[in-house]
Structure formats: structure tokens, C-alpha cells
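To start, the structure under review is shown below, and the notes come after it.
Residue numbering restarts at 1 for every chain, and letters A, B, ... go by the order of the sequence lines. All values below were derived from every heavy atom in this structure, side-chain atoms included, with hydrogens, water molecules and symmetry-related copies excluded.
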Protein chains: 2
Amino acid sequence: VVDVRGLRKIYTLGQEEIGALAGVDLRIDVGEFVAVMGPSGSGKSTFMQIVGMLDSPSGGSYHFEGRDVSRLTADERAAIRSSRLGFVFQSYNLLARTTALENVELPLLYATHPVREREQIARAQMQLLGIEHLAKHFSNQMSGGQQQRVAIARALVNGPALILADEPTGALDTKTSNEVMALFGELNRERGITILLVTHEADIAAYAKRIVRFRDGLIISDRINDQQ
Amino acid sequence: VVDVRGLRKIYTLGQEEIGALAGVDLRIDVGEFVAVMGPSGSGKSTFMQIVGMLDSPSGGSYHFEGRDVSRLTADERAAIRSSRLGFVFQSYNLLARTTALENVELPLLYATHPVREREQIARAQMQLLGIEHLAKHFSNQMSGGQQQRVAIARALVNGPALILADEPTGALDTKTSNEVMALFGELNRERGITILLVTHEADIAAYAKRIVRFRDGLIISDRINDQQ
Ligand SMILES: Nc1ncnc2c1ncn2[C@@H]1O[C@H](COP(=O)(O)OP(=O)(O)OP(=O)(O)O)[C@@H](O)[C@H]1O
Ligand SMILES: Nc1ncnc2c1ncn2[C@@H]1O[C@H](COP(=O)(O)OP(=O)(O)OP(=O)(O)O)[C@@H](O)[C@H]1O
Ligand SMILES: [Mg+2]
Ligand SMILES: [Mg+2]
């Protein structure tokens, strides 16, 4: 699904150059469940944004489902993002002044569902995450963990082939975190959905089958998770 | 320092009334280190915002350092917030298009420091949190955990009497989390600063001397932490 070679990302800040990724090699096959860990500032979110085609690398190559992403048009990348990928942002990125339900329905607008069906699909997804009662709340009328679950529901609602989740349980209590991870585990096991998930909590990473560790913009270890 | 009785908070949402706090009683004395835990949506942030005088309750009473907060003027509350309180928001609340250094310096603007001294104080605080090298980065040019540490530095820079930290380690890796908690522990032990800290991670709560648990807008347990 994902194959990156020598991936580099440099941010320029005035005179300074910040090397966020210094040459990352990683291959993820269909149906894998990979946890990404590493210190704050080590390049995890930068890596996720490039894999999610929300940003482009400064160097190296990235093939998604065998296609060289750098040769895709902006429209082709947008089409892949809306139909094949589900992205849970570290900062949730919900639309302000928009209800929870409208946020979850957003990815369905790209597909061809009638309005009633769209609302049903979105509500069913919210129910799986215990937030259906918040459907009419606006984003700023919910707690941190409730907003995070809206962001997760939005990422899952389209039945993506690849889920990219950046710290999806950061604001959730232990019980709710375990419910979300059980849902991810089920999507991976029963529907073969590929999952790439950033976390800094070891008990969340324990749900994954493989753990990749970043440090200073490089992958320093990549191991099968034998804790399962 | 903090004494609340029968504290209630109701949010009105169209026709609906959301009871976020249903009658909270809590007393915190000078020099205590209290962790607040509880499920997502149980009222923790709502409680912290009222204690931090960023919002007012719907019912009940709140005395800060012996003074009835409901009888204070808006100016008096703002003066207390800028000189006696340090608030770490769950969503960081950094000013956009403002550098990390300017964000940390913000509380110092209310006091009477010359410009050079202000920058020195802010940089020293950032150094304690391992983020001084990010001084000239804008808020949206940093990782999640780096933004969170800017929010922590901003809350501490004025030497507050009471620190209110809402999930201050949510985006930090284990090593960085422990460094932040060690800093809080030192401020509490050596300078007698009172700390009220929300977390959903048991190993973060373990640094506190007392653990208060919320559920559905009420405190359901309040115990000395004998794990220390
Ligand atoms: N502005 C608002 N308008 C309406 N309801 C709100 C508002 N802010 C919070 N709520 C509701 O009040 C309840 C308590 O929210 P609060 O943010 O205090 O929870 P929390 O314990 O901090 O949760 P989390 O651990 O997810 O951050 C939630 O059910 C939430 O939906
Ligand atoms: N837009 C940007 N401009 C400049 N530098 C940036 C930008 N975004 C990120 N950086 C820098 O790139 C490095 C990697 O950031 P990234 O967000 O990928 O880290 P991370 O591993 O996700 O960290 P965290 O665990 O704190 O979320 C950091 O040092 C950060 O300061
Ligand atoms: Mg990140
Ligand atoms: Mg909260």
C-alpha cells in the first residue's frame, strides 16, 4: 500500500532549514497494523502528512498502491484522499461553526449517497464511537475527547482502505481509548483495512502488529510486536 | 486556595440543556498537588475553566484565596488570572501568527519588566522545557508536543501561585512527559506552588499527592495518592 524510499522533508524558516525527515525507508503491505512512536519533534506527523498526500516531500520517493505519488495530478491525489484514505489529525481539524454530524458527513459528500442515506451512515459511525448524542453540537461545544472521536468517525465513515491516525487517543480516558483501539483492531482483522497509527502510549501501541520508532527524522527501529 | 461548594454548570444548546457540572464540592489548600481524572465528557475542563475564572458557574459558590469570585469585578478577575494563575489549556490556545517566544512572553506584559528582561525570563522558562531552540518558530511551525510545551512555559513564566494544567502531557512522549512532571513536582515541593492537573494517564496522576475522580459532572472519589 505504502512504499517510501529515502523520504526527506525540509522546512525553511527564514534563514534556517529544519530537517524534519532525513531519509525514511518504509514499506507497508495491505492489511498491516503499524504503530509509529518516537519523541516529540522526531518527524511522525510530518511523515503521516506526506503518506496522506497532504504535503509533498523535499526528496525521496513515495509509491501509494504501486503508483508514484509525485506523478499524480492534484485532482488524482484529492480523489485518492477522499476515497481510499481516512486521516485522523493530531489536532482533530474539525470545521468550526459546523455540527459534529456535518463534520462526519463531509467525506460522504464526495461519493454519491442521497442525503438521508448520508446522515444514516454518519450517525451509525458516530454510534460506534459513543458520540451520536452529540450530532447537533458544534465543534466548540464538545469536550476534547468528544471532538477527537468526531475526527475518528469522520476518518472511518467512507470505509477507507488505509487509515492514518495521528495520536487518535491523546485526549481519551483509558476505557474510551480501549474502545477505539478495539474498533481499529476489528476493522483491521475483519475488513483487512491497513492502519498506520502514531502514539506515544505503549499500551496503545500494543494493539498493533508492528512498531516503527522515529528519532530525529529517521526510523531507528522497525519490529514485529511480540507483545500481542 | 480554592473552595467550591455545590458548583453547577449548564450549557444551553438550542432547546437542550447540558448539565456539565451537577454540584461539585472541592477544597484545595496551599501547596497541594491534585490530579483530576475521569471519562471523556465528565466535566473536567468545564471545572478547570471555572476555577481559572475563564467561565462562570450556573450555580453554587467559588472562593479563591478566601474571596467570593462572584463578587469580583471583571478587572479584578483579570488581575488575579494574570498574576496568580497559570493556565495550560487542553487545546494549547497559542496565538496564531505569533512566535513561540512571544507566546511565552505574553503574561509578562502585564507585569512591569523591561523588554530585555522579559525575553530573558521567557527564554529561561523555555530552556527548562527543552524548547528554547524554537523561540522564533510560529505556532503552526511546530509539532503538537512542542506547541504543548510552549503552552506550559507560558503558564509558568509569571511564577503563578496556582497552576491549572488540563492534560499537559497529552501530546508528549514518555521521556518528555516525565521531564514536565518532574518540573511540576519541583515547583510544588520547592516553591510551594499549588497544582491542579487533569490527566487520563495513571502514570502521570501518580506524581500528584491526591487524586479526584469526576463522572457525569460530579466528584465520585477524592483520595490521597498512596502510590507515591
Ligand atoms: N460550549 C459548550 N456547549 C455545550 N456543551 C458543552 C460545551 N462545552 C462542553 N460541553 C459539554 O459538557 C460536557 C463536559 O465537557 P468537558 O469539556 O468539561 O469534559 P471533559 O471531562 O474535559 O472531557 P475530555 O476528557 O474529553 O476533555 C460534555 O458532555 C460536553 O459535550
Ligand atoms: N510548518 C513547519 N515549519 C517549520 N518547522 C516545522 C513545521 N512543522 C513541523 N516542523 C518541525 O519539524 C519537526 C518535526 O515535526 P513533527 O510535527 O513531524 O514532529 P512529531 O514527531 O509529530 O512531534 P509530536 O510528537 O510533538 O507531535 C519539529 O522539530 C518541528 O518543529
Ligand atoms: Mg505530531
Ligand atoms: Mg477536557
Side-chain angles (χ1 to χ4, degrees), chain A residues 11-16 18 20 37-46 48-49 89-92 94 99 129-131 133-149 166-167 169-177 179-180 198-205 213-215, chain B residues 11-16 18 20 37-46 48-49 89-92 94 99 129-131 133-149 166-167 169-177 179-180 198-205 213-215:
Chain A
Y11 293 110
T12 40
L13 219 57
Q15 303 302 313
E16 228 186 314
I18 312 264
M37 303 188 78
S40 171
S42 56
K44 306 179 298 295
S45 295
T46 301
M48 293 289 269
Q49 280 151 15
F89 292 86
Q90 187 169 359
S91 58
Y92 320 153
L94 300 181
T99 67
L129 283 145
I131 51 169
H133 64 292
L134 302 171
K136 295 297 175 191
H137 284 231
F138 287 91
S139 305
N140 66 342
Q141 294 172 333
M142 290 185 284
S143 79
Q146 291 169 339
Q147 292 179 35
Q148 185 155 49
R149 281 175 284 166
D166 198 340
E167 303 269 3
T169 64
L172 301 177
D173 58 280
T174 308
K175 180 168 166 288
T176 311
S177 288
E179 287 166 7
V180 167
V198 172
T199 182
H200 64 268
E201 296 182 59
D203 46 358
I204 298 300
R213 288 181 190 277
F214 275 68
R215 178 181 289 276
Chain B
Y11 294 109
T12 39
L13 219 57
Q15 302 303 313
E16 227 184 318
I18 314 263
M37 302 187 80
S40 170
S42 56
K44 306 179 299 295
S45 294
T46 301
M48 293 290 271
Q49 280 151 14
F89 291 86
Q90 187 169 359
S91 57
Y92 320 154
L94 299 182
T99 66
L129 283 144
I131 51 169
H133 63 292
L134 302 172
K136 296 298 178 192
H137 285 231
F138 286 90
S139 304
N140 65 342
Q141 292 172 333
M142 291 185 285
S143 80
Q146 291 169 337
Q147 291 180 34
Q148 184 155 48
R149 281 175 285 165
D166 197 341
E167 303 270 4
T169 63
L172 302 177
D173 58 279
T174 307
K175 180 168 166 288
T176 310
S177 287
E179 288 167 5
V180 167
V198 173
T199 182
H200 63 269
E201 296 181 62
D203 46 357
I204 298 299
R213 289 182 189 277
F214 275 69
R215 180 181 289 277

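Put simply, of B:Glu167, B:Gln148, B:Arg149, the one with the most heavy-atom pairs under 4.5 Å next to chain A is B:Arg149. In terms of heavy-atom pairs under 4.5 Å with chain A, the best-connected choice from B:Gln90, B:Glu16, B:Met37 is B:Gln90. Considering only heavy-atom pairs separated by less than 4.5 Å from chain A, the leading option among B:Leu13, B:Thr46, B:Thr199 is B:Leu13. Contacts with chain B were tallied for A:Pro39, A:Gly14, A:Gly38; A:Pro39 has the most, counting heavy-atom pairs under 4.5 Å. Among the candidates A:Ala171, A:Ala202, A:Gly43, the residue making the largest number of heavy-atom pairs closer than 4.5 Å to chain B is A:Ala171. When each of A:Gln141, A:Gln147, A:Met142 is checked for heavy-atom pairs under 4.5 Å with chain B, A:Gln141 comes out on top.
Only the backbone of B:Thr169 has a heavy atom closer than 4.5 Å to any heavy atom of chain A. Neither the backbone nor the side chain of A:Leu134 comes within less than 4.5 Å of any heavy atom in chain B. Contact annotation for A:Ser42: neither backbone nor side-chain heavy atoms come within less than 4.5 Å of a heavy atom of chain B. Residue contact with chain B, scored on non-hydrogen atoms closer than 4.5 Å, involves the side chain of A:Glu201 exclusively. For A:Ser40, the parts lying under 4.5 angstrom from a heavy atom of chain B are both the backbone and the side chain. Contact annotation for A:Gln146: both backbone and side-chain heavy atoms come within less than 4.5 Å of a heavy atom of chain B.
Using a 4.5 Å heavy-atom cutoff, the side chains of A:His137 and B:Ile18 are in contact.
Residues A:Leu172 and B:His200 come closest through the heavy atom pair O-CD2, 2.7 Å.
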